[in-house]
Visitor: 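Can you read through this structure? Questions will come right after.
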2 protein chains.
Amino acid sequence: MAVRPKTTRGQARRDQILRAAETVFGTMGYADASIADITREARTAQGTLYIYFRGKDEIFAELVAEMGRLTRDVIARAVAKCDGRLEAERRGLEAFLRFVAERPELYRIVEEARFVAPAAYRDYFTRFARAYRQQLERAQRAGEIRPGNCEVRAWALMGLAKALGERFVLWDRDTDIEEVVAVAFDMIEHGLAA
Amino acid sequence: MAVRPKTTRGQARRDQILRAAETVFGTMGYADASIADITREARTAQGTLYIYFRGKDEIFAELVAEMGRLTRDVIARAVAKCDGRLEAERRGLEAFLRFVAERPELYRIVEEARFVAPAAYRDYFTRFARAYRQQLERAQRAGEIRPGNCEVRAWALMGLAKALGERFVLWDRDTDIEEVVAVAFDMIEHGLAA
DNA sequence: TCACAACATGAATAATGATTCATGTTTCAC
DNA sequence: GTGAAACATGAATCATTATTCATGTTGTGA
């Protein structure tokens, strides 16, 4: 029951199952996805899944955690050698949207986690927000951005990115991401006031 | 099977069940809520529910639609006699957050609809976005706000509001909404640039 | 090559809970 | 007052599926 693989073969099986779960959960959603669907996709027996995971929720939560590491990594890379927070803001948003475009299933899983694996979901966004806030505070101290509560701003900016991803990437698979980023960034930089 | 009530009694029962469903779905979530839970809360027999609703999904979708009417109404009222779009933006955001604070269950339902009743969910936000965009375009023509794609902006602003609601209202039941609104509004008005 | 740990199988189990339906009860138009 | 339509009941049905487990198979260190 839920053992960490000790051989290469075991590691491979575990991965095989995780990848299958990603596909199945991502396309059918948690409720409609059955263990049978996942193991069929993974080409293993149902019992095999229970060697590596405690159950349906645990494998889902694991995907969310994996996704957390991945997203943080993608954004961090994109933002790494930007000079100036505003530039980082633009690049980060663009990287995020492109990432959603590339792995829409994974992103759906993160959002569904809000209801299926609340702890994992909260963890995902809380971690992200903490880092985000620190970046903003640093920029604020450097006088790059207006003063103001950076916790609130971090969450506002995350929400903005999520909504754009949902509407312009998941729903319309063919909108011009660059255009969306440009418009959003103008708002982030200068606000709405004429 | 799913009949529109023709008497006062019928109307009352249907409502009774809807209110019970609101409570039960709102606190336990769709998956964990059973028909038995709902009818117990409503003090009716399980079969009664099926007189007025086709099934578990339909009653859920109905709640989402109801919620749509309600939110639009609340925001419209709050924004009604503001002069200037920016003022409306501030008041609208505040009204939204206070609404989430007052009926957290209902708002949870709308968000869960993304996975449980996608059509209702999409309808909810698409309608909202349409109205929002029109307001922004009007303000733009009046020279009140900077020029820019208002469809993108509308979704960005909706996402921002959603995230703030989730983090500062649903998670922290006691943050100072006024403070959050002030910070967010500063960003909406002037952006981040120093 | 043996022994043993790790891995793999898939049919059986067992719980759950949405939906139906045969049987009442209430309302109200006439 | 009566009959028919509307409403209400809740126990039985029925399908679905997560999880277990008794039984194999594979790989490897000594």
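Below, chain A is the first sequence line, B the second, and so on; all start at residue 1. As a basis for the values below, the full set of heavy atoms in this structure was taken, side chains included, without hydrogen atoms, waters or symmetry mates.
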Visitor: Using the ring of each side chain (for Trp, its six-membered ring), is A:Tyr124 parallel, tilted or perpendicular to A:Phe128, with breaks at 30° and 60°?
Guide: parallel

Visitor: Could you check how far CG of A:Leu49 sits from P of D:dT19, rounded to whole Å?
Guide: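 Rounded to whole Å, this separation is 9 Å.
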
Visitor: Can you tell me the distance, in whole Å, between the CD1 atom of B:Ile51 and the P atom of C:dC21?
Guide: 14 Å

Visitor: Does this structure show an ion pair linking B:Glu41 with B:Arg19, if we count only N-O contacts that are shorter than 4.0 Å?
Guide: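 Looking at B:Glu41 and B:Arg19, the cut-off is not met.
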
Visitor: Below 3.5 Å between N/O atoms, which protein atoms pair up with nucleotides 27-29 of chain D? Just atom names and distances, please.
Guide:
none

Visitor: Just to be sure I understand the rule, does B:Ala33 reach a base, reach only the sugar-phosphate, or reach nothing, if contact means heavy atoms closer than 4.0 Å?
Guide: sugar-phosphate

Visitor: Between B:Met28 (CE) and C:dA18 (C1'), how many Å, whole number?
Guide: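 To the nearest whole Å, that distance equals 14 Å.
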
Visitor: Contact class for A:Thr48 vs. all strands (heavy atom < 4.0 Å): base, sugar-phosphate, or nothing?
Guide: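 A:Thr48: base contact, heavy atoms under 4.0 Å.
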
Visitor: So for B:Gln46 and D:dT9, does any side-chain atom that can act as donor or acceptor lie under 3.5 Å from a complementary atom in the base?
Guide: no

Visitor: By the 4.0 Å heavy-atom rule, please label A:Ala12 as base, sugar-phosphate, or nothing.
Guide: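 Nothing, no nucleic acid heavy atom in range.
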
Visitor: Tell me yes or no: between the side chains of B:Gln16 and B:Arg13, is some donor less than 3.5 Å from an acceptor?
Guide: yes

Visitor: Over how many whole Å does the gap from B:Gln11 atom CD to C:dC28 atom P extend?
Guide: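 The distance from CD of B:Gln11 to P of C:dC28 comes to 14 Å, rounded to the nearest Å.
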
Visitor: When you check the gap from the basic side-chain N to the acidic O, do B:Glu112 and A:Arg114 get nearer than 4.0 Å?
Guide: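 Result for this pair is no, no salt bridge flagged.
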
Visitor: Expressed in angstrom and rounded to an integer, what is the separation of B:Ile38 atom CD1 from C:dG17 atom P?
Guide: 12 Å

Visitor: Mark yes or no: A:Lys162 above the aromatic ring of A:Phe125, with NZ or CZ under 6.0 Å from the six-membered ring centre and no more than 45 degrees from the axis.
Guide: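 Yes; both conditions hold, so A:Lys162 lies above the ring face of A:Phe125.
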
Visitor: Locate the shortest heavy-atom distance separating A:Leu93 from A:Ala184; write the atom from each residue and the value.
Guide: CD2-CB, 3.8 Å

Visitor: For DNA chain D, what residues of residues 55-66 of chain A have any heavy atom nearer than 4.0 Å?
Guide: A:Gly55, A:Lys56

Visitor: Can you see whether B:Thr126 engages B:Asp123 through a side-chain donor-acceptor pair at a distance of less than 3.5 angstrom?
Guide: no

Visitor: Taking only side-chain nitrogens and oxygens of B:Tyr50, does any of them come within less than 4.0 Å of OP1 or OP2 of C:dC21?
Guide: no

Visitor: With respect to the side chain of A:Thr44, which nucleotide from D:dT17, C:dC7, C:dT9 is positioned closest?
Guide: C:dT9

Visitor: Does B:Arg146 pair with B:Glu189 as a salt bridge, N-O distance under 4.0 Å?
Guide: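 Result for this pair is no, no salt bridge flagged.
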
Visitor: Any chance the rings of A:Tyr107 and A:Phe96 have centres within less than 6.0 Å?
Guide: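 Distance test on ring centres: under 6.0 Å, yes.
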
Visitor: Roughly, in whole Å, what's the span from CZ in B:Arg54 to P in C:dA18?
Guide: 18 Å

Visitor: Could you please name the option among D:dT9, D:dA8, C:dA18 that lies closest to any side-chain atom of B:Ala45?
Guide: D:dT9

Visitor: Give one of base, sugar-phosphate or nothing for B:Thr39, where a contact means two heavy atoms less than 4.0 Å apart.
Guide: nothing

Visitor: What is the separation between atom CZ on A:Phe53 and atom P on C:dA8, rounded to the nearest whole Å?
Guide: 12 Å

Visitor: With the side chain of A:Tyr52 defined as its heavy atoms from C-beta on, choose the nearest nucleotide among D:dT19, C:dT9, C:dC7.
Guide: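 Closest nucleotide among those given: C:dC7.
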
Visitor: CZ of A:Arg127: more than 12 outside heavy atoms within 6.0 angstrom?
Guide: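 Result for CZ/A:Arg127: open.
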
Visitor: Could you state the CD1-P distance from A:Ile35 to C:dA8, rounded to the nearest angstrom?
Guide: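 Between P of C:dA8 and CD1 of A:Ile35: 16 Å.
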
